[in-house]
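Right, one structure below, let's go through it.
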2 protein chains.
Amino acid sequence: MTREAQHSYCTDTQWVGRSECRVCNIRSMMLFSGLPDEAFERLLRPIDNMAFPPGAILYEAGTHGDVVYTIRRGLVKMLHVGADGSQRILRLLGAGSAVGLELLDGGDVYRHSAVAANQVDACRIPVVTIEALEHEFPELTRQARQRLQQHLDRTDEWVLTMGSGPARQRLAHLLLFLTRYTADRNGDIELLSGEDMAAVVGTSVETVSRVVADLKRRGLLERVAAHLYRCDTQAIEALANDADA
Amino acid sequence: MTREAQHSYCTDTQWVGRSECRVCNIRSMMLFSGLPDEAFERLLRPIDNMAFPPGAILYEAGTHGDVVYTIRRGLVKMLHVGADGSQRILRLLGAGSAVGLELLDGGDVYRHSAVAANQVDACRIPVVTIEALEHEFPELTRQARQRLQQHLDRTDEWVLTMGSGPARQRLAHLLLFLTRYTADRNGDIELLSGEDMAAVVGTSVETVSRVVADLKRRGLLERVAAHLYRCDTQAIEALANDADA
DNA sequence: CGGTAAATTGACTGCTCTCAATTTACGTGG
DNA sequence: CCACGTAAATTGAGAGCAGTCAATTTACCG
């Protein structure tokens with residue numbers, strides 16, 4: 001493994017340890033909620049706990065694979081790369097979400113690329129393990145279906161709020177999204193890179209920069225620390241829904 | 001029931017008869033494919049066969065309901081109505097697709113509105129019937145999950161192709177979509193109303209009209225009969241992917 | 001302290017929206 | 001079968017937002 005630090009702390013995709021689902025502190029959010037402890041006794045293949053630094057690739061679109069990830073911490077971007085190399089972010093998924101669920105329908109090829117936007121902790125679950133457990137606990141199939149329904153709901157909201165309208169409103173919705181799903185205890189959020197924000201709302205990088213600069217000038221977005229911003233949720237919400245100032 | 005004809009033939013939402021899943025000629029596409037004949041012996045509630053004229057409402061967003069529809073013929077638009085009355089079409093679903101699947105996750109409120117874009121034939125399946133069958137045939141849960149995955153895949157494609165870029169390219173993708181899913185044996189398609197096309201690609205009605213008029217002038221789109229159009233798939237495909245004339 | 005990549009800003013062009021007028025289509029009633 | 005009325009579609013003119021290209025500044029890592 002090479003060590004090319006993207007941040008001062010770590011580093012590379014790392015194997016952190018064997019997952020202990022029985023004592024998972026967020027099991028209620030995870031794919032395996034509802035399964036009895038004994039279900040984890042005799043797994044066909046182990047579940048590993050992985051740490052991905054920002055920018056690390058969980059998997060790439062079109063590649064063969066046999067594992068699903070459930071996110072314990074951080075934000076994962078699902079993206080599509082066009083023929084010309086342009087990127088479009090289709091979803092941002094946080095703690096409790098599962099990625100790679102398309103493999104459960106028999107295929108073995110990922111439909112999108114999954115890239116860590118943050119420092120991400122995720123459990124790597126082999127598809128064979130899920131299929132074995134599904135056979136024994138039919139409830140798991142319903143769980144997976146609920147996860148898909150969540151993805152669908154979130155994507156629909158994505159399309160409605162960030163898919164059309166003036167760039168300023170779309171970015172306002174993105175900020176609200178980040179506040180809702182990634183804010184720390186102080187309500188502060190870590191902004192995406194300009195390129196990523198552009199890939200979410202479907203505009204050019206320059207437009208993103210201009211709009212964000214304008215929000216800062218008007219005091220709707222305030223820098224509280226390196227990479228940490230606080231936004232005036234009230235005003236941004238008004239901006240997102242109305243079409244004024 | 002009032003009778004306000006939208007076309008010369010019928011008319012109103014009609015009960016056509018009891019569905020006979022055992023002899024369904026497109027059962028392989030439907031939700032119940034894979035179920036043995038005997039599964040239909042003792043349903044808790046009957047499955048009805050419904051005919052919806054263009055514009056008929058299958059259900060409206062936010063309303064209570066307890067049935068899922070599977071489409072046998074025609075095109076159904078799933079749409080969201082904004083606070084200002086503006087409509088945005090999130091998906092167009094054709095034969096073999098199921099709508100209202102969100103009810104299977106325990107809720108009883110539809111998340112979108114479903115409206116017939118065409119003359120639509122659909123089977124009305126009570127949720128209790130599906131749940132009872134799921135208990136007996138776990139395979140059905142997987143079927144429903146696959147349907148959701150299909151919706152998700154289609155929505156992703158929708159976002160990528162019709163969610164950004166110049167209006168001309170987005171409309172080109174819409175024409176290709178209609179050709180793929182609704183063309184008759186001659187390859188001809190029935191265009192949506194200008195308002196509906198605008199609600200799909202997220203532009204104004206005027207822009208749609210201008211682009212369509214331009215395509216007609218250039219011979220890429222030809223009227224072969226009332227409401228029936230034939231398009232030069234080759235040229236439209238080039239237009240959809242490249243950015244030139 | 002230096003180098004590379006990202007972000008910012010400006011000027012200009014072009015596309016799309018809005019508003020408005022006109023034409024066409026279509027169902028209704030004579 | 002034809003005349004009429006409403007709604008949809010079409011077309012035009014003008015303004016504004018966003019994209020592109022290019023130059024500059026800033027940030028970040030070694």
Side-chain angles (χ1 to χ4, degrees), chain A residues 2-11 53-55 82 84 86-88 117 162-172 190-218 221 223 225-229 239 243-245, chain B residues 2-12 53-55 84 86-88 117 162-172 190-218 221 223 225-229 239 243-245:
Chain A
T2 56
R3 295 215 159 233
E4 299 166 339
Q6 293 210 20
H7 279 55
S8 51
Y9 44 97
C10 95
T11 95
D84 58 349
S86 62
Q87 295 188 352
R88 190 78 204 257
M162 296 175 229
S164 63
R168 198 178 301 142
Q169 287 184 38
R170 279 188 272 179
L171 275 165
E190 186 172 342
L191 289 187
L192 301 176
S193 71
E195 196 181 12
D196 279 354
M197 288 194 278
V200 169
V201 299
T203 67
S204 67
V205 183
E206 293 90 333
T207 296
V208 169
S209 177
R210 273 184 256 267
V211 171
V212 171
D214 184 60
L215 293 180
K216 286 178 190 166
R217 256 179 254 119
R218 292 204 269 156
L221 192 61
R223 205 184 104 137
H227 291 273
L228 262 198
Y229 290 82
L239 217 167
D244 49 21
Chain B
T2 55
R3 295 218 160 232
E4 300 165 337
Q6 294 210 23
H7 279 56
S8 51
Y9 44 97
C10 92
T11 99
D12 279 328
D84 59 346
S86 62
Q87 294 187 352
R88 189 77 204 257
M162 296 175 229
S164 63
R168 197 179 299 141
Q169 286 183 38
R170 281 189 269 179
L171 275 165
E190 186 174 342
L191 289 187
L192 301 176
S193 71
E195 196 180 11
D196 279 355
M197 288 194 278
V200 168
V201 300
T203 66
S204 67
V205 183
E206 293 92 331
T207 296
V208 169
S209 177
R210 274 184 255 267
V211 171
V212 171
D214 184 60
L215 292 180
K216 285 178 189 165
R217 256 178 254 119
R218 293 204 269 157
L221 191 61
R223 204 183 106 138
H227 291 270
L228 263 197
Y229 290 82
L239 217 167
D244 51 20

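Atoms considered below: every heavy atom in the structure, side chains included; atoms not considered: hydrogens, waters and symmetry mates. Proteins come first, then strands; the chains are lettered A, B, ... in the order of their sequence lines, and each starts at number 1.
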If I take atom [atom1] in residue [X] and atom [atom2] in nucleotide [N], what distance separates them, rounded to the nearest angstrom?
| X | N | atom1 | atom2 | value |
| --- | --- | --- | --- | --- |
| B:R170 | C:dC15 | CZ | P | 14 Å |
| B:L191 | C:dA25 | CG | P | 15 Å |
| B:R223 | C:dT24 | CZ | P | 13 Å |

Point to revise | Distance below 4.0 Å between A:H227 side-chain N/O and D:dC28 OP1 or OP2 | key: yes
Minimum heavy-atom distance between [X] and [Y], given as atom pair plus value:
| X | Y | result |
| --- | --- | --- |
| A:R88 | A:A199 | NE-O, 3.3 Å |
| B:M197 | B:L192 | CE-O, 3.5 Å |
| A:P54 | A:A117 | CB-O, 4.1 Å |

Point to revise | Any B:V201 side-chain heavy atom under 4.5 Å of B:T207 side chain | key: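 No, their side chains stay 4.5 Å or more apart.
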Practice item. Test side-chain contact (heavy atoms from CB on, under 4.5 Å) on A:L215 and A:L171 and set out the steps. Key: CA-CA 10 Å; A:L215 293 180; A:L171 275 165; 5.5 Å; no
Review point. So what is the end-to-end bend of the helix from C:dC1-D:dG30 to C:dG30-D:dC1, with 5 pairs used at each end and the value given to 10 degrees?
Key: 50°
Protein-nucleic acid N or O pairs under 3.5 Å, nucleotides 6-9 of chain C:
unit_1	atom_1	unit_2	atom_2	d
C:dA7	OP1	A:G194	N	3.1
C:dT8	OP2	A:S209	OG	2.9
C:dT8	O5'	A:S209	OG	3.2

Practice item. State, without any angle test, whether A:T203 and A:R170 hold a side-chain donor-acceptor pair at a distance under 3.5 Å. Key: no
Exercise for review: Determine, for B:D214 against B:R218, whether the closest basic-nitrogen to carboxylate-oxygen distance falls under 4.0 angstrom.
Suggested key: yes
**Study point:** Spacing of B:L228 atom CG and B:R223 atom CZ [to the nearest 0.5 Å]
**Key:** 9.5 Å
